[in-house]
Every structure is written in structure tokens, then in C-alpha cells.
K.L.:
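Here it is, the structure, as C-alpha cells.
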Amino acid sequence: KETKIKFAKRKISSHYLDYSIDEKKWHEQVFSFIKKRYNALQNLEPAGSLKTKGDTDTEDADLSSEDLAKMAKDYKRRGLLTFSLIMLSRQMTSAKYTGIKALERYKLTLEEEEDIRMVDYLLEMGNKVGLDSKIERLLKVLKKIGKDKVVLFTSFLDSQKVLAMELAVAGYSVSLFNGKMNLTERAESVERFRNESQIMISTSAGGEGQNFQFCHNVVNYDLPWNPMKVEQRIGRIDRLGQDSPNIKIWNLFYQNTIDSRIYTRLYDRLRLFENTLGDLEEVLGDEIQKLTSDLLTHHLTSEQEIER
């Protein structure tokens, strides 16, 4: 006799946030700086590369081992700096505190006095910004959820830290889960969430191998740009043993940001939250990489960004 397996239905609630006036001014300045730095890195000529533009049949075209080592180092440094800019852009749309801490770390990679002064100015602006609009919206979402358990995902430890503090002040019982915890600490945190806490605030580590089917709410405080990571998050509650006929997925992101562009292009338009990804993974990875590069350059207007 065949047993029909019933899967929970996914219900999506996406919240597009508007920046406050101060937040908007700050983010516009930061992203203008990010785009400027990103473009400069893409146009950077590695040491020794000019020699290859000459006649390749002459001895002058040959590169010494020292030249090759310097080129490799430059390429590696450019890759790391490009990655740090992409991470900075993601952290800026997570939480105000996270963006400030990311700017402080990015400042340590800078060498030019002009760039250092600019980051100091951006940090000063950020520290003058008042309430964090995203945290304010999160509190409204949690109020709407009520007393049900919630797995609250963020990609960053700094965001986890500030969210734990803000939710505790608001009166919520919270457990934490992240990759820096040892196995015993992780197990204790899961049990505390199962038996005591209403909210589990988890980084990406909680999206792998954990079973939270006793919960039917996932809040994506920030969205990974890799759809497979999002599916791993949802899979912590959308699994066999889920006793609710419906699971609710809540997504928070700011309007007119890379996050919202990627959500509209990949999640909303392709309905990735409702559908399994399957063979789309490789295609989506290429799509995100190209979309990220386009959105971090000065070559697109706001209208063109939306179209992309």
C-alpha cells in the first residue's frame, strides 16, 4: 500500500523597505564609493602586463619568474579586494551596525589618504544615523507572527549580535547558532530553542544539517545572493516531520538595492521560493555573477538596473 507524503505549502511574505532620509543619504554615499573602488579595481593593470602588449617574438616580451610572481600577487590582491567590496555592499544592506563594522575593516585595506579620509567621513555619517529601519520592520513582522517559533537567518555575525541585543530588549527569548560555536554549544542552543526560546537567530551555519521542523516560520533578515543557500535555510523547516500544513517565509530587503534587484530577477520572477532549483544552480550562479558586476559599475542608470 502506497503512503502519500504531504509536503507543507510555502507561503511567501516579502517586505520592501524604504530608507529613512538619513539612511538614504548615507547608503548613497557608501555605494557611490563602492562603485568607484570597484571600477578602479577592474581597470587595474597588473605589474608586467604591459610587456605582453608588444611583439611576442622578441626577448622583451618574456616575463621573468619575478614578474610572473608579481602579476599573480596583483591578480590575487585584486580578487580579494573585489570580494571585500561585494561583501561590504551586502553588509551595508543587512544592519546599520554591520555596515559600520564592515567599513571599519575595509578601511584597514586602504593605502591612499584620499580613500581613508572618505571612509572616515562615511563612518561619521553612519554613526549619526538614527534608528535602523530594517530592525524596526523586523519587530513589526515578529509582532505579526505572534508567539510562534521563528528561525531568523542572517549572513553576518555582526548582524546576529545586534539582532540578539535588540530582540532581547524587546522582550523576546532568543537562542543563537553560528559557525564559531563548538558541537556541544550548537546542540545546547538547538535544545534551548526547541524547549524554551521563541526565536533562533542563525547564521549560514544553521542552514546546513539542522532540523527545525518543530518551527514553521523562517525570516530572511538578509538574503544570500546564492539561491541554493536560501533553499538550505528553508530546508531546515520544510522537511519530513513538519506538522504544519503551511510554512511561512518572510523576506526583508531595502528598495532599489542590489538585494532587491536580485530578489526581483531571480526569486520573484522565477518563483525560486516555491520551486526546487535542480539543474538551475549553475545557470543561476553565472547570472548572479554577471548581475553583481553590472550593478556595481557606473554604467547603468537606475532604470537600466531594474531592467537588468
Side-chain angles (χ1 to χ4, degrees), residues 14-42 80-110 115-138 152-163 165-166 203-204 219-226 229-230 251-265 288-289 291-298 300 302 305-306 308:
S14 296
H15 296 252
Y16 291 83
L17 285 70
D18 290 318
Y19 289 120
S20 68
I21 294 175
D22 288 344
E23 285 175 327
K24 185 176 181 181
K25 289 179 179 177
W26 182 46
H27 280 252
E28 284 177 346
Q29 289 288 323
V30 173
F31 277 94
S32 176
F33 174 73
I34 288 174
K35 289 181 178 182
K36 177 182 175 182
R37 293 289 301 162
Y38 186 89
N39 285 321
L41 286 171
Q42 305 318 301
L80 291 173
L81 291 177
T82 298
F83 176 76
S84 68
L85 283 171
I86 292 173
M87 290 302 296
L88 175 58
S89 66
R90 290 187 58 202
Q91 290 164 319
M92 281 296 301
T93 56
S94 182
K96 182 186 76 171
Y97 173 80
T98 307
I100 289 173
K101 301 304 289 185
L103 279 170
E104 289 175 347
R105 288 189 293 269
Y106 186 72
K107 177 183 172 182
L108 300 177
T109 70
L110 299 174
D115 293 328
I116 293 172
R117 285 195 299 270
M118 184 61 187
V119 172
D120 283 336
Y121 168 70
L122 295 174
L123 286 168
E124 184 180 355
M125 282 189 72
N127 284 311
K128 290 180 179 178
V129 172
L131 293 175
D132 189 316
S133 297
K134 203 172 190 182
I135 291 179
E136 292 295 300
R137 177 61 67 89
L138 172 65
L152 172 60
F153 278 107
T154 178
S155 300
F156 309 107
L157 287 170
D158 286 330
S159 295
Q160 185 185 57
K161 178 180 177 180
V162 71
L163 288 173
M165 180 182 68
E166 293 287 350
T203 61
S204 298
V219 175
N220 288 306
Y221 182 75
D222 43 51
L223 281 170
W225 293 356
N226 182 346
K229 295 290 185 181
V230 179
N251 304 310
L252 280 69
F253 37 77
Y254 287 107
Q255 293 267 29
N256 301 319
T257 60
I258 297 178
D259 284 28
S260 65
R261 304 283 195 259
I262 288 179
Y263 178 85
T264 301
R265 179 69 182 89
I288 292 171
Q289 185 176 10
L291 186 60
T292 301
S293 179
D294 286 345
L295 294 177
L296 283 177
T297 67
H298 284 298
L300 299 180
S302 297
E305 287 183 359
I306 295 172
R308 283 290 299 124

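Heavy atoms only: backbone and side chains are in, while hydrogens, waters and symmetry mates are out.
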K.L.:
Quick check: closest heavy atoms across Asn220 and Val230, and the distance to 0.1 Å?
P.N.:
ND2-CG1, 4.3 Å
K.L.:
If you take all heavy atoms of Met125 and Gln29, which pair is closest and at what distance?
P.N.:
SD-CG, 3.9 Å
K.L.:
What are the two closest non-hydrogen atoms of Lys107 and Ile116, and how far apart are they?
P.N.:
CE-CG2, 3.7 Å
K.L.:
CD of Glu124 to CG of Asp120: how many Å apart, nearest 0.5 Å?
P.N.:
8.5 Å
K.L.:
Hey, is the main chain of Gly130 close enough, under 3.5 Å, to the side chain of Lys96 for a donor-acceptor pair?
P.N.:
yes
K.L.:
Do Tyr106 and Asp115 have side chains that approach each other closer than 4.5 Å (heavy atoms only, starting at C-beta)?
P.N.:
no
K.L.:
Shortest non-hydrogen contact from Asp222 to Ser155?
P.N.:
OD1-N, 2.8 Å
K.L.:
Out of curiosity, Ser20 OG to Lys25 NZ, how far, rounded to the nearest 0.5 Å?
P.N.:
10.0 Å
K.L.:
Would you compute the distance between atom CG of Leu252 and atom OG of Ser133 and round it to the nearest 0.5 angstrom?
P.N.:
11.5 Å
K.L.:
Could you pull out the closest heavy-atom pair between Glu23 and Leu131, with the gap in Å?
P.N.:
OE2-O, 3.3 Å
K.L.:
Quick check: closest heavy atoms across Leu103 and Val119, and the distance to 0.1 Å?
P.N.:
O-CG1, 3.7 Å
K.L.:
Measure the NZ-CG distance between Lys229 and Leu223 for me, rounded to the nearest 0.5 Å.
P.N.:
14.0 Å
K.L.:
For the CD1 atom of Ile86 and the CD atom of Gln91, what is their distance to the nearest 0.5 Å?
P.N.:
12.0 Å
K.L.:
With a 4.5 Å heavy-atom cut-off, do Glu104 and Leu123 have their side chains touching?
P.N.:
yes
K.L.:
Might you work through the side-chain contact (heavy atoms from CB on, under 4.5 Å) test for Arg90 and Phe156, ending with a clear yes or no?
P.N.:
CA-CA 10 Å; Arg90 290 187 58 202; Phe156 309 107; 3.9 Å; yes
K.L.:
Any side-chain heavy-atom pair from Thr98 and Thr154 closer than 4.5 angstrom?
P.N.:
no
K.L.:
Can a donor-acceptor pair be found, under 3.5 Å and without considering hydrogens, that links the side chain of Lys101 to the backbone of Asp158?
P.N.:
no
K.L.:
Could I get the full list of ring pair (Phe, Tyr, Trp, His ring centres under 6.0 Å) partners for Phe33, not counting sequence neighbours?
P.N.:
none
K.L.:
Report the distance from atom NZ of Lys128 to atom CH2 of Trp26, rounding to the nearest 0.5 Å.
P.N.:
13.5 Å
K.L.:
Is the closest side-chain heavy-atom distance between Leu138 and Leu163 below 4.5 Å?
P.N.:
yes
K.L.:
Just to verify, which of Tyr16, Tyr221, Tyr19 counts as forming a ring-ring contact (aromatic ring centres under 6.0 Å, His included) with Phe253?
P.N.:
Tyr16
K.L.:
As a quick check of understanding, evaluate side-chain hydrogen bond (donor to acceptor under 3.5 Å, both in side chains) for Thr257 and Thr93, giving each step before the final call.
P.N.:
CA-CA 8 Å; Thr257 60; Thr93 56; 5.6 Å; no
K.L.:
Heavy-atom distance under 4.5 Å between the side chains of Pro224 and Phe153, does that happen here?
P.N.:
no
K.L.:
What do you reckon, is CD1 of Ile21 surrounded by more than 12 foreign heavy atoms closer than 6.0 Å?
P.N.:
no
